[in-house]
Number of protein chains: 2
Amino acid sequence: MGYERSTIDGERSNRTVALAAEFGRMITSGDLLSGDALPTEKEIQSHHGVSRTVVREAIRHLAAKGLVSVGPKVGTKVRPRIAWNMLDADVMAWHLTAPVRRPFIEALYEMRLINEPNAARLAARRIDEAQSERLRRALGGMRDYPRGSAELIAADLDFHRIVLEATGNPLLVSLGSLIERSLSVSFSLSWRQNPQDETVRQHDRVMQAILSGDGDAAELFMRRLIESAFDDVIHALYANGEEETRSGGAPDARKIAEPRPSGAA
Amino acid sequence: MGYERSTIDGERSNRTVALAAEFGRMITSGDLLSGDALPTEKEIQSHHGVSRTVVREAIRHLAAKGLVSVGPKVGTKVRPRIAWNMLDADVMAWHLTAPVRRPFIEALYEMRLINEPNAARLAARRIDEAQSERLRRALGGMRDYPRGSAELIAADLDFHRIVLEATGNPLLVSLGSLIERSLSVSFSLSWRQNPQDETVRQHDRVMQAILSGDGDAAELFMRRLIESAFDDVIHALYANGEEETRSGGAPDARKIAEPRPSGAA
DNA sequence: CATCCGCAATGGTCGTACCATTGCGCCGGA
DNA sequence: TCCGGCGCAATGGTACGACCATTGCGGATG
């Protein structure tokens, strides 16, 4: 609470955002490759029936995220994938709604696996009383709300967000928006193969460790928690057998899926 | 090579970007607090002598980064700090050029300390031949170029970027832009209190570990490397005694300034 | 054949006009 | 007096049309 909705774009849906999302998805999904030129502003205007204002603001939106570069005479061109700001909520959302998203989801969970256990460790040292209380309430929500309900999802999300906030590091807090997306994917795939009890228990262990100031335990339990979620998602992706629509990179996507063969740190 | 410049905004300097940067800095530096309203578009137009197009595109730029939200009748308002996308190169740059930046720099290095050692571990398992060669060349550059030269800075930056690229994780690659900013801060403060030889040796140890596939060593050495850089920056910040220019929050800025009472990890 | 210059394409900026949404106050009824 | 609905007006959203600035490219020139 005391927090604004963070919708897919931080503002209401209007033509500018819709147009930006359309091109954003085209770019992230690979329909437009690095160096490819977008249509000229004039062409986009006539094709989409919008004014140049909308076109320009939409392109500015994309440029702000590093997806395109613009310049007189050269037009609007797609920047190399490496220059994109993947750590942007919109860019991430566009990736996650693309037809081929498995590698991206795996990368996302790998990122969580690196950051959230460490965040839990820091949170154990720095969490304050108000945050502790919010954490307890979030866990209570996870325990009480029915499986798959919107409240449960919100509670789960809150839990992770509060841990990140408790680190006091604004950069880690910003990761919250990424986790939000990844959770929404988990839910859309099939929520938690694991029994809800087990999931709650895992969260509870993390919370107890943080509240008692045990950084090592917090890190360990958070790692296990995310690994479980990771396994769920990977399992669901393979089970559903979705997205073979790409060239043929399905098999070696598995390579990325294994972040650490033996235990850890 | 094979890479576009990633300037401060990904595009050339124009009035839109300049205006966005002006408000961006005002917001990140705390001159405008959460909930505060920016001037209306009309006021900004007359005050800055620019057209409404420029104003709107600039605000769109800020909205894309989560700094503001806009709406009819309500105007443009600053969003809570927690909603900002700190993991954006522009937002980060604005923070780093703000009068009070010490806490942010410390958060940035803490973030590096979490991610880069893990990235080094992953790189040790996944780096390919081309990346290995680029890594060797970057290290050579760090050894050969004179202290403080632009080439040295570029080589240092390349080194870290290549390690992140070698993870194959696009999200980690995006962290490269953050590291770019943090390095530029290091340089602006006073480059590497440490002797250059020692710095090169640290990088060399990381590289050897990665090239030999020793993930544990790569992680360890990368951690030490970043801790050294962290110490340098902290030391320089305290030595320079900069940024007491704020209202009166100078003393308790120290509280945030101590991310790790005793050693760590 | 090399160099320079000018054209034209394309984004950059500007100004105006009108539409859409919504906060807020006015007005009428209970 | 209090409450609720309704309309005004402020503000952003969209749309045109014009002109400026930059730059790729090809033709003119030595």
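Only this structure's heavy atoms are used, side chains among them; waters, hydrogens and symmetry mates stay out.
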Separation of [X] atom [atom1] from [N] atom [atom2], in whole Å?
X      : N       : atom1 : atom2 : value
H48(A) : dA15(D) : NE2   : P     : 12 Å
L19(A) : dG13(D) : CG    : C1'   : 14 Å
E43(B) : dT11(D) : CD    : P     : 7 Å
R15(B) : dT22(D) : CZ    : C1'   : 15 Å
R56(B) : dT16(C) : CZ    : P     : 17 Å
I44(A) : dA15(D) : CD1   : C1'   : 16 Å
E41(B) : dG15(C) : CD    : P     : 14 Å
I59(A) : dT10(C) : CD1   : P     : 13 Å

One pair to check against side-chain hydrogen bond (donor to acceptor under 3.5 Å, both in side chains): R126(B) and T167(B). What are the steps and the verdict?
CA-CA 6 Å; R126(B) 301 178 188 165; T167(B) 65; 5.3 Å; no

Could you tell me whether T53(B) contacts a base, only the sugar-phosphate backbone, or nothing, with contacts defined as non-hydrogen atoms closer than 4.0 Å?
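The residue T53(B) makes base contact.
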
Using OP1 and OP2 only, check whether a side-chain N or O of [X] sits under 4.0 Å from [N].
X      : N       : answer
S51(B) : dC14(C) : yes
R52(B) : dT16(C) : no
T16(B) : dT13(C) : yes

Are the side chains of V163(B) and E116(B) in touch, meaning some heavy atoms are under 4.5 Å apart?
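No, side chains not in contact.
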
From the options [options], select the nucleotide whose nearest atom is closest to the side chain of [X].
X      : options                   : value
V54(B) : dT13(C), dG13(D), dG24(D) : dT13(C)
K73(A) : dG24(D), dG11(C), dG12(D) : dG24(D)
R60(B) : dC14(C), dG11(C), dG13(D) : dG13(D)

How do V74(A) and E57(A) order along DNA chain D: which one's closest nucleotide is nearer the 5' end?
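Residue closer to the 5' terminus by nearest nucleotide: E57(A).
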
Between the side chains of T53(A) and R56(B), is a donor N or O closer than 3.5 angstrom to an acceptor N or O?
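Per modelled atom types, T53(A) and R56(B) side chains form no pair under 3.5 Å.
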
Give the minimum heavy-atom separation between N169(A) and M111(B), together with the two atoms involved.
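The answer is ND2-N, 4.2 Å.
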
Applying salt bridge (Lys or Arg N to Asp or Glu O under 4.0 Å), name anything that partners R136(A), two or more places apart in sequence or on another chain.
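Checked R136(A) against salt bridge (Lys or Arg N to Asp or Glu O under 4.0 Å); matches are E129(A), E133(A).
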
